[in-house]
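For clarity, every value in this text was computed on a predicted model and none was experimentally measured. Ligands are counted one by one from 1 in listed order, and the atoms in each one are counted from 1 as well.
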Amino acid sequence: MRHLGAVLTFDRRGKLRYWPHAELRTDARGRIAALRPLKAKGARKPSRLLIPGLIDAHCHVSQYPAVACDGLPLLPWLARHIFPLEERFRGPAARARIRRFFRELAAHGTTFAALYTSIWQDSTDACFEEAERSGLRVVMGKVMMDRHSYGTRSTTLKGENLTEVSIRQSCELCERWHGRAGGRLQYAFTPRFALSCSMELMREAGRLARRYGAWVQTHLSENRDEVAAVRRAFPSCRSYADVYARAGLLGPRTLLAHCVWLSDAELRKVASSGSTIVHCPTSNAFLGSGILDLARARRAGAGLALGSDVGAGPSLDLFEVMRQTVFGQRWAFAHRLFKGGGTVHAADAFRLATLDAAKALGLADSLGTLETGKAADFVVLDPAAWDPGFCADESAGAVVSRLVYRASRSAVRETWVAGRRVH
Ligand code: GUN
Ligand code: ZN
């Protein structure tokens, strides 16, 4: 199949490229068969812009109905808005919401997402069924909790050992879904965070992820009260990151959301393990959690990606997350919150949502840029949605800058995954 339009992407050396007129061809296996610039016909601005599919490396399917519930920091927000919502996340009503969620994700230009469901096995199955139907790529898992879990109030788990149930159900789900749909669906063992897990549960999650070649995803060091509570809950561990290190949860297939308050030693531990830090700036701003020092994380050698973290993040829109990435770092830099480092630019944010994420996840052979041989995962945007039309500068830097600061979901015309239209 042949797609025409302007193209904005990074090339194989990570350099930003912009072609105002180009042709992208896809093959029957869903790969990019060819990408080449075309001769311009006249000086008209292009009406379509193709960019690589956006990667949302941290988001909660079950929390979409609770987006933008303002007013509380992390732990009270979880107790007040999130746990009651996730506890009810079952049955036909949940099914309708799940279907809607995946439609929304595709409508925002997201082609790959790492997702948490809820503690329920049945609604996690429903999430995988709807993910399969949506055509998107997902890494996803049932939330594991055996302490302070909303599930302890539910009659269905009465009398059963929460740790065993969580492990058994996660294994069944992994066996059913990991690698399905030609590898588009992948399983992630998902211990929620240290405060809702016993050491035994976390150890088992790490062991099973390695056994199945699956992923691990969890939250780390998001908010200061949470960090203090983890210290009290695990007094024999040196730090929050040390809890996960001792549980065997860190590694190249591990996604760690937030990592705002890590010490230097923790950051070194996370980076040397090959784990990915998922920066969620809209969520961190919304809950008043703090702000990740991106330059410091980069200097430590950590793999980095971006996450919407819906429902703490108020929107699935990764353009919004890219903007907040730049604005947050600039604000922190101006206030001298961080030692060393520099500010970030629009192209850095765009790279974080595409190529950097693919690299961090070990998927850069097939995802993250538009290049021959990679998966045909791309978004077709309407530049008229953000470009006032009289901007003279059509350099790659100017185009990415307008894109990051002015684009949104309303600019997304089509979303394609593996050469198939999913929106
Ligand atoms: N920490 C533990 N659970 C959650 C969650 O659902 N959202 C966020 N933002 N942080 C968490
Ligand atoms: Zn989260």
Side-chain angles (χ1 to χ4, degrees), residues 56-89 101 105 113-120 123-124 127 138-151 166 188-198 201-202 205 215-230 233-234 240-241 243-244 249 254-262 276-292 305-316 318 321 324:
D56 186 343
H58 182 79
C59 181
H60 300 255
V61 179
S62 55
Q63 295 178 14
Y64 202 35
V67 286
C69 289
D70 196 19
L72 294 170
L74 175 66
L75 299 176
W77 171 82
L78 282 174
R80 166 86 176 77
H81 295 295
I82 298 305
F83 285 6
L85 179 71
E86 289 190 12
E87 185 168 16
R88 292 193 310 272
F89 194 69
F101 172 87
L105 207 54
L115 301 168
Y116 292 46
T117 62
S118 67
I119 67 160
W120 307 118
S123 66
T124 303
C127 286
V138 306
V139 166
M140 186 159 64
K142 181 186 111 76
V143 175
M144 303 176 85
M145 298 165 90
D146 64 349
R147 290 177 176 192
H148 315 298
S149 170
Y150 47 85
S166 181
F189 286 84
T190 308
R192 179 172 214 124
F193 67 157
L195 290 182
S196 45
C197 299
S198 64
L201 185 70
M202 290 187 280
W215 300 78
V216 169
Q217 57 182 352
T218 187
H219 298 89
L220 172 61
S221 204
E222 176 175 2
N223 155 298
R224 282 207 269 208
D225 290 342
E226 170 211 13
V227 174
V230 170
F234 295 89
Y240 196 163
V243 176
Y244 293 161
L249 285 176
T254 296
L255 303 176
L256 302 167
H258 308 300
C259 298
V260 170
W261 298 103
L262 297 182
T276 296
I277 293 179
V278 186
H279 179 40
C280 305
T282 53
S283 160
N284 297 154
F286 181 78
L287 293 178
S289 302
I291 181 163
L292 173 73
L306 296 183
S308 67
D309 195 20
V310 156
S315 163
L316 288 173
L318 283 172
V321 176
Q324 187 63 33

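- Counting only distance, with no hydrogens or angles, the side chain of H58 and the backbone of H279 share no donor-acceptor pair below 3.5 Å.
- The residue L195 has no part lying near ligand 1, judged by heavy-atom distances below 4.0 Å.
- Between the side chain of T254 and the main chain of L249, a donor-acceptor pair closer than 3.5 Å is present.
- In this structure a side-chain-to-backbone donor-acceptor pair under 3.5 Å is present from S62 to T117.
- Considering only non-hydrogen protein atoms, atom 3 (N) of ligand 1 sits nearest to R192 NE, 2.8 Å.
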Walk me through it: do Q63 and Y116 pass the test side-chain hydrogen bond (donor to acceptor under 3.5 Å, both in side chains)? CA-CA 9 Å; Q63 295 178 14; Y116 292 46; over 6 Å; no
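- Close contacts of ligand 1 with D309, meaning ligand atoms under 4.0 Å from a residue heavy atom, involve 8 (C), 9 (N).
- Smallest separation of non-hydrogen atoms from S283 and G313: CB-N, 3.7 Å.
- Atoms of ligand 1 lying under 4.0 Å from at least one heavy atom of H258, given by number and element, are 9 (N).
- To the nearest 0.5 Å, the span separating CG on L74 from CG on D225 amounts to 8.5 Å.
- Not a single heavy atom of E226 sits closer than 4.0 Å to an atom of ligand 1.
- Nearest heavy atom pair, residue L316 against residue C59, reads CD2-SG, 3.6 Å.
- For the Zn ion (ligand 2), protein N, O or S atoms closer than 2.8 Å were enumerated as H58 NE2, H60 NE2, H219 NE2, D309 OD1, with waters left out.
- At least one N or O atom of E222, backbone or side chain, sits closer than 3.5 Å to an N or O atom of ligand 1.
- Ligand 1 has no N or O atom lying under 3.5 Å from any N or O atom of W77, backbone or side chain.
- Of the candidates E226, E86, E222, R192 forms a salt bridge (charged side-chain N to carboxylate O under 4.0 Å, His left out) with just one, namely E86.
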